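All values derive from a computational prediction rather than experimental measurement.
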Amino acid sequence: MARILITSALPYINGIKHLGNLVGSQLPADLYARYCRARGHEVMFICATDEHGTPAELAAAKTGQPVAEYCAEMHGVQAELARGFGLSFDHFGRSSSRRNHALTQHFAARLAAAGLIEEVAEKQVYSHADGRFLPDRYIEGTCPNCGHDRARGDQCEECTKQLDPTDLINPRSAISGSTDLEVRETKHLFLRQSTLRDTLDRWIDSQRGWPVLTTSIAKKWLHDGDGLQDRGITRDLDWGVPVQYDGAPWQGMDGKVFYVWFDAPIEYIAATAEWADAHGLDDSAWQRWWREDMGAEDVRYVQFMGKDNVPFHTLSFPATLIGSDEPWKLVDYIKSFNYLNYDGGQFSTSLGRGVFMDQALSILPADYWRWWLLSHAPENNDSEFTWENFQASVNKDLADVLGNLVSRVTKFCRSKFSELVPEGGTLGPREDQLLADLTTRLRAYEQHMEAMDVRKSASELRALWVLGNEYLQEAAPWSAFKTDPEQAAAQIRLALNLIRFYAVISQPFIPDAAARTMAAMQSDDWSWPDDVATALNTLPAGHAFTVPEVLFAKITDDQRTAWEAQFSGQR
RNA sequence: GGGCCUGUAGCUCAAUUGGUUAGAGCAGAGCGCUCAUAACGCUUUGGUUGGGGGUUCGAGUCCCUCCGGGCCUACCA
């Protein structure tokens, strides 16, 4: 039994996430967490909402709520949706928690003590009308290069030229439209991560088997141009972790907060502390996951994230942990994902294009989404959601191959025998062959799951389901029943056990259907089938079961067409 | 501009890292079965691996070049 720490990239607080966000981090992390638990490992699966930053403040302002209230509400919404999708977090925390405030300030102090914090005076654009400093992208104006009149302060989207806000002609606030802007000097803290470049480089080199996507992004940032740049880790905002606090090793930072990308990863640790608090445990309970001097030396730590998050997890966060000069647990494996597109374009929150988590659950059960998203996870490339593909995959895989198998076996048994596992008969070479095939494929499935090869795991699982249909076709208990009912009884007894077996191994992908199946088999034996023959003897003759409701209703053409229209944009 | 990823059957993807005749699922065609959600099984059609050139006994895989798609480029998170 191993101890496995799993974190999913934190979903940002400003709204409901779409399916692309879900499949890029939380969902595959959940798959892995469920699998590890099923194998008997001790798992700590952590996620949280990322609540700080300008977008959160603006989103709150839009609703007219105080930002703290807005975040609390949205956290509740996201937590509910996570439950709806069956995301089995041990704790779903908040980066605005007291724990994160304390830890973020702790790390900042440690980094300062190690000489890794530098005060830098910068010039930034201040908007009088908005009463705030504006991040570059929140300043709009005319591009000096191509004349596009909606160029942003960081880059012109029309000609892709990178800009400085002061380059813009007729700059204005993207928030209010105000042109009453002023360049002001403001003091910020920088993390001197450039001094850790070689350390980080060696650390990344020492990792084996990380996805190319992960290492290539990290290497780019380490070696591109002048190499790894120092980063500002504070901002002129109200909502966040205060930079000036009791015991802070600097002065004059009042009214500033730490930048989200400094405090968000620290929330992985803080959320584990929140978990301990929520369970009435003391600090040692979370420290044994995070401190190598307090029991975390045998922990394997795996992170899941979309590719946009890679630089922060390969460089900034490790720099924070290493720079603290305390024995914090570093990540062992970073599983990163490409993007999921929607029907020929990108998901768009602003245009309401694509399917969002709340909408998804309102039209179909979570398992449908989980199965499609995971079996099409964008591991090697960006992938694409189309309704046609969704309908075809879900109907074939879930309804026909798995759902119908459960249906045909249980109904056959009910009509020819009873709602009890039938007794009598013996198993023969055909059954031995099935056990051998199941074992081979199950071992392959386990290997893919352990390697976090999501798509391959899905296709192997599906192949395991297919073995059941192949066996039934060959054994043909409906024929055997006419001449040798005992033979049919033995076959169906095996098939009923196979259904429970499928519930166990499918649970990481489709937990709801697995639970319903297990309930129908009137069992609660979720133990992993280390030995297939033993697993297929779990339900003895005479054991009662029920015929479950249709496990997966098919998606009709009418539904597909309607949804296609409904989600095409303009939410 | 620079960097990275990518292009394989109508569609979605594999191919043990250079090794026999490029494989699966879906869709299509044919046959079988009748327990089942018109479900299942078997067989089968379908490929100049984006184009061109090169290295090699051997290239989907390595190199060059051209074409297409995507991402990143540090103040969105």
Kindly indicate whether the side chain of [X] and the base of [N] share any N or O donor-acceptor pair separated by less than 3.5 Å?
X: A:N404; N: B:A39; answer: no
X: A:E379; N: B:C13; answer: no
X: A:Q473; N: B:C42; answer: no

Quickly, which of A:T186, A:D238, A:T234 forms a side-chain hydrogen bond (donor to acceptor under 3.5 Å, both in side chains) with A:K256? Name it, please.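 Passing option: A:T186.
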Only one of A:T214, A:T314, A:D205 clears side-chain hydrogen bond (donor to acceptor under 3.5 Å, both in side chains) with A:K219; which?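 Among A:T214, A:T314, A:D205, the one that satisfies the side-chain hydrogen bond (donor to acceptor under 3.5 Å, both in side chains) with A:K219 is A:D205.
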Of the nucleotides [options], which has the atom closest to the [X] side chain?
X: A:T54; options: B:G41, B:A77, B:U37; answer: B:A77
X: A:Y12; options: B:A15, B:C35, B:A77; answer: B:A77
X: A:S479; options: B:U37, B:U34, B:C35; answer: B:U34
X: A:R455; options: B:C72, B:C75, B:U12; answer: B:U12
X: A:F552; options: B:A74, B:U37, B:G25; answer: B:U37
X: A:W221; options: B:A39, B:C42, B:A74; answer: B:A74
X: A:R462; options: B:C76, B:C11, B:C26; answer: B:C26
X: A:K220; options: B:A77, B:G3, B:A74; answer: B:G3
X: A:S383; options: B:C13, B:C71, B:A74; answer: B:C13
X: A:R408; options: B:C40, B:A15, B:C4; answer: B:C40

Under 4.0 Å, counting only non-hydrogen atoms across every strand here, what does [X] touch: a base, just sugar-phosphate, or nothing?
X: A:G227; answer: base
X: A:P55; answer: sugar-phosphate
X: A:K554; answer: base
X: A:E470; answer: sugar-phosphate
X: A:K456; answer: sugar-phosphate
X: A:N14; answer: nothing
X: A:V409; answer: nothing
X: A:L405; answer: nothing
X: A:V260; answer: sugar-phosphate

Check the distance between [N]'s [atom2] and [X]'s [atom1] and give it to me in whole angstrom.
X: A:N469; N: B:U34; atom1: CG; atom2: P; value: 16 Å
X: A:K307; N: B:C4; atom1: NZ; atom2: P; value: 15 Å
X: A:L467; N: B:G41; atom1: CG; atom2: P; value: 10 Å
X: A:F390; N: B:G25; atom1: CZ; atom2: P; value: 22 Å
X: A:N395; N: B:U37; atom1: CG; atom2: P; value: 15 Å
X: A:R137; N: B:A74; atom1: CZ; atom2: P; value: 12 Å
X: A:R132; N: B:C75; atom1: CZ; atom2: P; value: 18 Å
X: A:H223; N: B:C4; atom1: NE2; atom2: P; value: 13 Å

Quick test of the criterion, 5.5 Å between centres and less than 30° between planes. Is A:F412 stacked on B:C35 or not?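 Given the distance and angle limits, no, they do not stack.
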Can you see whether [X] engages [Y] through a side-chain donor-acceptor pair at a distance of less than 3.5 angstrom?
X: A:Q391; Y: A:D557; answer: yes
X: A:D437; Y: A:Q433; answer: yes
X: A:E57; Y: A:Y70; answer: no

When you look at A:F312 and A:F317, which way does the ring-ring contact (aromatic ring centres under 6.0 Å, His included) test go after all the steps? CA-CA 6 Å; A:F312 305 101; A:F317 186 43; over 10 Å; no
Determine the Euclidean distance between corresponding [atom1] atoms of [M] and [N]; express it in Å to zero decimal places.
N: B:G50; M: B:U61; atom1: C1'; answer: 16 Å
N: B:G18; M: B:A59; atom1: P; answer: 14 Å
N: B:A27; M: B:A22; atom1: P; answer: 25 Å
N: B:G47; M: B:G10; atom1: C1'; answer: 12 Å

Syn-anti status, with the boundary at 90° from 0, for the nucleotide B:U17: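 Chi for B:U17 falls in the syn range.
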Is the backbone N or O of A:A56 less than 3.5 Å from a side-chain atom of A:Y12, with the two atoms forming a donor-acceptor pair by type?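 Judged by distance alone, yes, a pair lies under 3.5 Å.
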For B:A59, which nucleotide is its Watson-Crick or G-U wobble mate, given both distances must be under 3.5 Å?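 Its partner: none found.
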Pairing nucleotide - B:G46, Watson-Crick or G-U, each distance under 3.5 Å: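 None - no nucleotide pairs with B:G46, as no candidate has both distances under 3.5 Å.
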Euclidean distance, A:T517 OG1 relative to A:R500 CZ, rounded to 0.5 Å: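 Rounded to the nearest 0.5 Å, the CZ-OG1 separation comes out at 12.0 Å.
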Hey, is the side chain of [X] poking within less than 4.0 Å of OP1 or OP2 on [N], counting only N and O atoms?
X: A:K396; N: B:C40; result: yes
X: A:Y471; N: B:G41; result: no
X: A:R231; N: B:C75; result: yes

State whether A:R441 and A:E460 are salt-bridged, where the test is any N-O pair (Lys NZ or Arg NE/NH1/NH2 against Asp/Glu carboxylate O) under 4.0 Å.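 Salt bridge flag = yes for A:E460 with A:R441.
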When the nearest nucleotide of RNA chain B is assigned to A:A476 and to A:V550 on a heavy-atom basis, which residue is associated with the more 5' position?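 Its nearest nucleotide being more 5', the pick is A:A476.
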Residue closer to the 5' end of RNA chain B, A:A399 versus A:S375 (nearest nucleotide):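 Looking at RNA chain B, the more 5' nearest nucleotide goes with A:S375.
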